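One structure below.
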Amino acid sequence: MTKKQKKMLARILITAVMMILLMMLPVSGIPQLILYLIAYIIIGYDILLKAFRGILNGRVFDENFLMAIATIGAFALAIYEQSGEYSEAIAVMLFYQIGELFQSYAVGKSRRSISDLMDIRPDYANIESNGKLTQVSPDDVEIGSIIVVQPDEKIPIDGTIEEGTSTLNTSALTGESLPRDVHTGDEVISGCINMTGLLRIRTTKAFGESTVSKILDLVENASSRKSKSEDFISKFARIYTPVVCFSALALAVIPPVIRLIMGLPAEFSDWIYRALTFLVISCPCALVVSIPLSFFAGIGGASKEGILIKGSNYLETLSETKYIVFDKTGTLTEGSFEVNAIHHGTIDNDKLIEIAALAESASSHPISKSLQHAYGKEPDRSRVSDISEISGEGVTATVDGHSVAVGNKKLMQRVGSEYISCHSVGTIIHVAVDGSYCGHIVISDVIKPHAIESIKYLKQSGIEKTIMLSGDSKAVAENVAETLGIDEVHGELMPDDKVTKVEELLEKKQSGKLAFVGDGINDAPVLSRADIGIAMGAMGSDAAIEAADVVLMDDDPLKISKAIKISKKCLRIVKENIVFAIGVKLICLALGALGMASMWLAIFADVGVMVLAVLNAIRALFVKKL
């Protein structure tokens with residue numbers, strides 16, 4: 001508990017004890033009024049001050065004004081009737097403050113939960129000088145400096161490992177507990193915790209531009225982007241509060257006047273009591289507090305899962321998504337090529353891979369790298385000579401004194417080797433030695449481990465259509481789409497074509513929102529054009545954080561369906577609170593106007609509803625596993 005909360009709890013306890021004693025002690029008249037006023041001031045002085053300041057600043061119609069008018073009016077009515085029933089006025093203020101304390105604690109708990117989960121801000125950076133480590137502020141470290149990160153310390157600034165190997169805990173960024181091994185030459189980002197070895201890192205960014213700063217800024221400013229529901233509540237409160245105030249005034253004045261005209265007893269005190277009860281019931285605390293808290297908790301729950309949502313407006317849009325468009329490479333596939341098969345080999349498969357890897361050893365092309373990776377050894381360049389790369393066809397070389405050709409069918413035709421066509425989907429690498437065909441190697445992109453599950457869960461969560469856009473050939477794109485169960489696929493697209501295709505889909509869709517999911521590096525135009533842009537696998541990507549509305553901090557496609565699940569749960573809670581709060585208010589207001597509601601019912605309609613709504617809102621903080 002904070003000092004402020006402890007102070008409020010003490011005031012509540014003192015007031016409660018005083019009320020009990022005053023109800024038991026035989027005190028009446030002026031002494032009784034004074035003692036009750038002391039109890040009232042103890043519990044309500046801050047509300048009265050806020051109401052007074054609100055009037056001075058032109059913000060008259062708020063919950064503080066309603067509480068002040070209702071309780072002061074109840075006191076005045078008890079004095080006028082000389083009934084000595086001052087307890088109701090104090091009870092209203094007491095239970096209101098209990099509700100405020102509970103709300104403060106709930107909001108604080110949500111903030112602490114998010115702070116703990118996003119506790120990635122580094123306190124210092126280690127600079128080595130004359131053999132000693134000096135702790136400095138991360139803001140003071142220049143780009144290109146060498147920083148030292150010891151075991152159990154956070155990496156304070158993005159950089160490249162100059163020396164050392166270690167294991168990093170990335171859970172604060174990705175929501176995943178699986179550690180990541182890093183070595184010399186690897187890029188690392190701020191916010192990760194160094195678990196084992198000592199690392200010397202050359203910084204590549206200033207602290208203000210590092211991943212940790214961007215993430216913290218994103219989360220801290222998420223509340224500034226209001227959803228339609230929050231805007232509705234703000235507008236509703238601005239209209240609703242003055243309406244109920246004037247309605248209460250009319251309730252206190254008009255019926256007694258009509259009764260006087262009709263020759264009946266006016267019963268002013270009865271109607272004033274009804275009006276005061278009406279004011280207490282009307283306080284819109286449950287809506288004003290619980291709706292922003294629901295979105296805040298939803299964004300916090302997503303953050304701990306490694307899903308950064310830039311604002312409650314994007315959370316709301318995400319919940320309305322019916323169409324999802326995927327980029328293929330880097331989103332649903334790894335973006336790294338692997339040898340998947342060897343067909344029609346006339347020599348041993350390992351020997352075929354060895355020959356191809358040696359011939360391609362001088363190339364930096366991804367296909368060459370995949371062949372070298374499949375070979376599994378460092379190619380002995382002394383065995384290779386006369387390397388010649390033929391653009392658009394492949395490579396010829398001399399390997400161990402033999403003429404070797406490695407490439408596509410055009411190259412085979414060039415060297416006069418009779419090749420065998422392949423019907424597999426992927427890049428086909430034919431190999432010929434001394435003009436004799438030795439077989440072909442099938443190389444293709446690898447589908448991400450959870451991609452198939454992700455598409456299945458998306459359809460279960462209400463997504464009507466999944467679409468994939470790719471720059472690859474139609475055959476490759478269609479094969480991936482069929483494997484994943486994607487509804488519609490478009491291949492051979494340039495980046496501009498993807499924007500055009502998304503615009504066509506936006507025009508065609510009947511209802512709901514359209515989301516685009518990309519790797520966040522070269523998809524910025526499409527991410528911006530869609531109703532909501534989701535960048536995945538974007539740890540450290542400036543382009544992703546800038547262009548996307550939702551950033552997934554790792555490569556797992558399952559996070560897409562989890563993000564939608566979180567958004568739908570949050571919006572369901574928001575709608576529940578709106579219907580519950582307004583429904584109870586309207587019923588109790590009607591009962592209050594008809595004289596069928598006491599101040600005690602008014603207290604439930606105000607404080608009770610707020611407590612229940614806040615409890616419901618906090619549920620958005622907790623995310624169930626898929």
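Sequential numbering from 1 along the given sequence is applied to the chain's residues. These figures come from a predicted structure and were not determined experimentally.
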Any ion pair linking [Y] and [X] (charged N to carboxylate O, less than 4.0 Å)?
{"X": "K501", "Y": "E504", "answer": "yes"}
{"X": "R11", "Y": "D46", "answer": "yes"}
{"X": "R619", "Y": "E576", "answer": "yes"}

What residues form a side chain to side chain contact (heavy atoms under 4.5 Å, CB included) with [X], not counting sequence neighbours?
{"X": "D152", "answer": "none"}
{"X": "S247", "answer": "V243, F278"}
{"X": "K509", "answer": "Y323, L506, L514, D531"}

Supply the atom-to-atom distance [X] [atom1] to [Y] [atom2], rounded to the nearest 0.5 angstrom.
{"X": "M536", "Y": "I560", "atom1": "CE", "atom2": "CD1", "result": "4.5 Å"}
{"X": "L552", "Y": "T331", "atom1": "CG", "atom2": "OG1", "result": "10.0 Å"}
{"X": "D556", "Y": "S454", "atom1": "CG", "atom2": "OG", "result": "7.5 Å"}
{"X": "I157", "Y": "I147", "atom1": "CD1", "atom2": "CD1", "result": "5.0 Å"}
{"X": "M93", "Y": "I12", "atom1": "CE", "atom2": "CD1", "result": "12.0 Å"}
{"X": "L276", "Y": "L251", "atom1": "CG", "atom2": "CG", "result": "9.5 Å"}

Donor-acceptor contact below 3.5 Å, side chain [X] vs main chain [Y]:
{"X": "D158", "Y": "S190", "value": "yes"}
{"X": "N194", "Y": "V149", "value": "yes"}
{"X": "E305", "Y": "K562", "value": "no"}
{"X": "N64", "Y": "I47", "value": "no"}
{"X": "K328", "Y": "V480", "value": "no"}
{"X": "N577", "Y": "A613", "value": "yes"}
{"X": "S567", "Y": "S319", "value": "yes"}

side-chain contact (heavy atoms from CB on, under 4.5 Å) assessment of L505 paired with I467: CA-CA 10 Å; L505 292 167; I467 303 108; 4.2 Å; yes

CA sep, side-chain torsions, deciding dist, call: S303, L308, side-chain contact (heavy atoms from CB on, under 4.5 Å): CA-CA 5 Å; S303 297; L308 303 182; 4.2 Å; yes

Residue pair L469, V502: steps toward the side-chain contact (heavy atoms from CB on, under 4.5 Å) verdict: CA-CA 9 Å; L469 308 181; V502 165; 4.1 Å; yes

Side chains of [X] and [Y]: does their closest heavy-atom pair fall under 4.5 Å?
{"X": "I155", "Y": "I189", "result": "no"}
{"X": "F296", "Y": "I291", "result": "no"}
{"X": "L101", "Y": "Q5", "result": "yes"}
{"X": "I582", "Y": "L586", "result": "yes"}
{"X": "I72", "Y": "L48", "result": "yes"}
{"X": "V526", "Y": "D327", "result": "no"}
{"X": "T277", "Y": "L591", "result": "no"}
{"X": "L484", "Y": "F326", "result": "no"}

Non-hydrogen atoms of [X] and [Y] that approach each other most closely:
{"X": "T466", "Y": "G485", "value": "OG1-O, 4.2 Å"}
{"X": "A125", "Y": "V141", "value": "CB-CG2, 3.9 Å"}
{"X": "S294", "Y": "C570", "value": "O-SG, 3.3 Å"}
{"X": "I447", "Y": "T483", "value": "CD1-CG2, 3.6 Å"}
{"X": "G306", "Y": "K559", "value": "CA-NZ, 4.5 Å"}
{"X": "P156", "Y": "F207", "value": "O-CD1, 3.5 Å"}

Over 12 foreign heavy atoms within 6.0 Å of CD, E503: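 Count over threshold, so yes.
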
Over 12 foreign heavy atoms within 6.0 Å of CZ, F52: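 Open.
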
side-chain hydrogen bond (donor to acceptor under 3.5 Å, both in side chains) with [X]: which residues, sequence neighbours excluded?
{"X": "T203", "value": "none"}
{"X": "K465", "value": "E488"}
{"X": "T321", "value": "none"}

Verdict with supporting geometry, I564 and Y457, side-chain contact (heavy atoms from CB on, under 4.5 Å): CA-CA 10 Å; I564 290 175; Y457 282 128; over 6 Å; no

